[in-house]
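To start, the structure itself, in structure tokens.
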Amino acid sequence: MYSEIYEIQTEFFEGPLDLLLHLVNKKRMNILDIKVSEITSEYLDYLMNKRGINPSRESDFLMTASTLIYIKSRSLLPAPEIYNEDSLEHKLINTLAEYDKIQKITKLLKQMENDEVLLWKREEVSENFETREFDIKEISSFQLAEVFLNLIKKKDKEEFVNINPRNYSIQKKQEEILEILETKGYLNFSEYIEMLDSAEEFLVAFFSLLDMVKRGVIIALQKRLFDTISVWKNGKYKIAQ
Amino acid sequence: MKEDKEFDIETIEQKAAFIESVLFVSKEPVEPEKIMTFFKCKNIKDFEEILSKLTDMYKDSERGIILKRSGGGLQLVTKIGMHNLLNDFFKIKKTSTLTIPSLETLSIVSYKQPVTLAEISRLRGVNSVGPAKNLLQKKLIKISGRKRVPGLPALYSTTKEFLLYFGLNDISELPSIEELTEMFEEKEQPSLFKQIQNENG
Amino acid sequence: MKEDKEFDIETIEQKAAFIESVLFVSKEPVEPEKIMTFFKCKNIKDFEEILSKLTDMYKDSERGIILKRSGGGLQLVTKIGMHNLLNDFFKIKKTSTLTIPSLETLSIVSYKQPVTLAEISRLRGVNSVGPAKNLLQKKLIKISGRKRVPGLPALYSTTKEFLLYFGLNDISELPSIEELTEMFEEKEQPSLFKQIQNENG
């Protein structure tokens, strides 16, 4: 089963190393014996005809092409570059040898994956398994980060729209709060601040509240930390004016 | 390497085995008719024979599960009397759950710490008192100081328990926003390979 | 009416039954140590005896599940060979899900961990942000630290889910590069690879 998929990959090259390895294997050469100049023309041929080239990776293929051409041109010079550890050719061949190893590991993982797929786990099949709760053990730190990224993206969009700056006065805010208390008799402060437009408005509202509590206009209660602040009009308070 | 040898469902024993594996992987009870159809078995008596074979098998003292027939169908459940033992066993690691609001709040605290509740609520767009309370109780966040602005609001940070939960050695091991953005910004180009996979797969 | 009589876990059979019910109700593999602690069993040999009793029991032809060790724990899974039948029965297609780019990236992480994204991209010869993101979302890799070089890039390692996904108990169960070479030798062309290995030591 894996070989099928693997075949597909060797026909359609994900990247330049993929193609190079294919060319080396085709020639039945030992990676370490490759004369880069010998496979350069074939590589370029592939690139010209776009045979099996992943279009989104074209720039990667071109980069390697320029390296190949450079190596080949050096080899044609009367005094070719000495083949040493630092030479471009040596580096390329080493990378290719590494890549060959990775291909082997990949084959193994593919086999292991296919073996595991054959074993079904408990409750693997269900028609309706949508849930809004996560088990905390099942959340990775990466998911946590994703949640945060989505939040700030959403917020960025919102704040883009919200561009009319306003000035808030404590006077006006107090009148607004009193009006709500007049009609409803009670104010849930947490719910109230949710409707506010900005942090600035929130601050003004909060100061207004503090000021009115201090002057005895209203009574504010908070049962415990984080609970909402419940606000009532103080019946005993007589408007001075 | 494992051989992918096909399992046969010819004998009564094999049919019983197949039913066990079906009930094992299924979250909901399975209708007996569905299994009968699959076996191309038209005779209820034959089918009942398989079921009674299963039922007998589960009676063995070393079995921990039994076959249950209810309105909805056939189902495997743990043996009667196991309930308290299982409760005790799983109490050792009782996993708590995080709701989406809590998760959002936690993500803000972990990236913006130290941060005030007002800032959390602003970023989430809704009042976040509830989730913050939940996280404090679970010891995933703590009050780490007070912001030097009027009202001296509490500043929240993540805890050691937070690191433990997410298997981090240090808060810096969280992916950075740059790294995340890079990962999510990159347009998924229509890889040739992927298309071929889909077509063949 | 049946009484909800408490189940005892004295005999080997009862202990086997209890383990079956524990594994039946838990979706993740259960660490053997946890069960031993619960049994107050200090002798591994005694415990192994119970496990082999269970293993034998699952060999019976009328059983559809087996006991498996995976991710360092015990787990019940369906018998090998049931796969196609279950696919047919549930009319679903359970297949492998990782693409070749993801598998390549995972190979690099599993053998070179901890490793940076830049190194992965270099080794694959193509930008590997996409596959890395996919693997992070699937929780098959995680950020395990930061490399102490300018920019403090994230270092990636495999996770417990990785072990579970590939049915490993421990990362050390992965064959060495030498063993791998032998595994694929027969099918491959005249050992390109062995010579490289010898020369590179």
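Side chains included, hydrogens not; waters and symmetry mates left out as well; all remaining heavy atoms used. First the proteins, then the strands, lettered A, B, ... as listed; each starts at 1.
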Can you name the closest pair of heavy atoms from [X] and [Y] and give their distance?
X	Y	answer
Ser21(C)	Gly64(B)	CB-O, 3.4 Å
Ser61(B)	Ala17(C)	O-CB, 3.4 Å
Lys34(B)	Phe89(C)	O-CE1, 3.8 Å

Cationic N near anionic O, under 4.0 Å, Arg63(B) to Glu20(C):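 Counted as a salt bridge, because a side-chain N and a carboxylate O are separated by less than 4.0 Å.
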Glu62(C) bridged to Lys53(B) by N-O distance under 4.0 Å: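 The answer is no: the pair does not qualify as a salt bridge.
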Over 12 non-hydrogen atoms of neighbours within 6.0 angstrom of NZ in Lys68(B): no
Exceeds 12 heavy-atom contacts within 6.0 angstrom, atom CD1 of Ile44(C):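 No - once you tally the heavy atoms of other residues, nucleotides and ligands closer than 6.0 Å, there are 12 at most.
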Glu179(B) and Ile143(C), any side-chain heavy atoms less than 4.5 Å apart: yes
Minimum side-chain heavy-atom gap Ile80(B)-Phe7(C) below 4.5 Å: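 Not in contact.
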Residue part contacting chain C, namely of Val30(B), when any heavy atom lies under 4.5 Å: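 For Val30(B), the side chain is the part near chain C, not the backbone.
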Phe18(B) portion near chain C, given a 4.5 angstrom heavy-atom threshold: both
Phe39(C), part contacting chain B, at a heavy-atom distance under 4.5 Å: neither
Val22(B) vs Phe90(C), side chain to side chain contact (heavy atoms under 4.5 Å, CB included): CA-CA, chis, key distance, verdict: CA-CA 9 Å; Val22(B) 163; Phe90(C) 289 105; 3.7 Å; yes
Chain C interface, residue from Thr11(B), Ile50(B), Asp60(B), Ile35(B) that has the most non-hydrogen pairs under 4.5 Å: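 Looking at each of Thr11(B), Ile50(B), Asp60(B), Ile35(B) in turn, Ile35(B) comes out on top.
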Which of Asp170(B), Thr78(B), Val77(B), Ile65(B) touches chain C most, by non-hydrogen pairs under 4.5 Å: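 Maximum pair count with chain C is reached by Ile65(B).
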Residue among Lys79(C), Met57(C), Lys15(C), Gln14(C) with most heavy-atom pairs under 4.5 Å to chain B: Met57(C)
Contact winner vs chain B - Leu155(C), Leu76(C), Ile12(C), Asp8(C), heavy-atom pairs under 4.5 Å: Leu76(C)
Spatial distance of atom OG (Ser172(B)) from atom CZ (Arg146(C)) [nearest 0.5 Å]: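 Taking OG in Ser172(B) and CZ in Arg146(C), the distance rounds to 6.0 Å.
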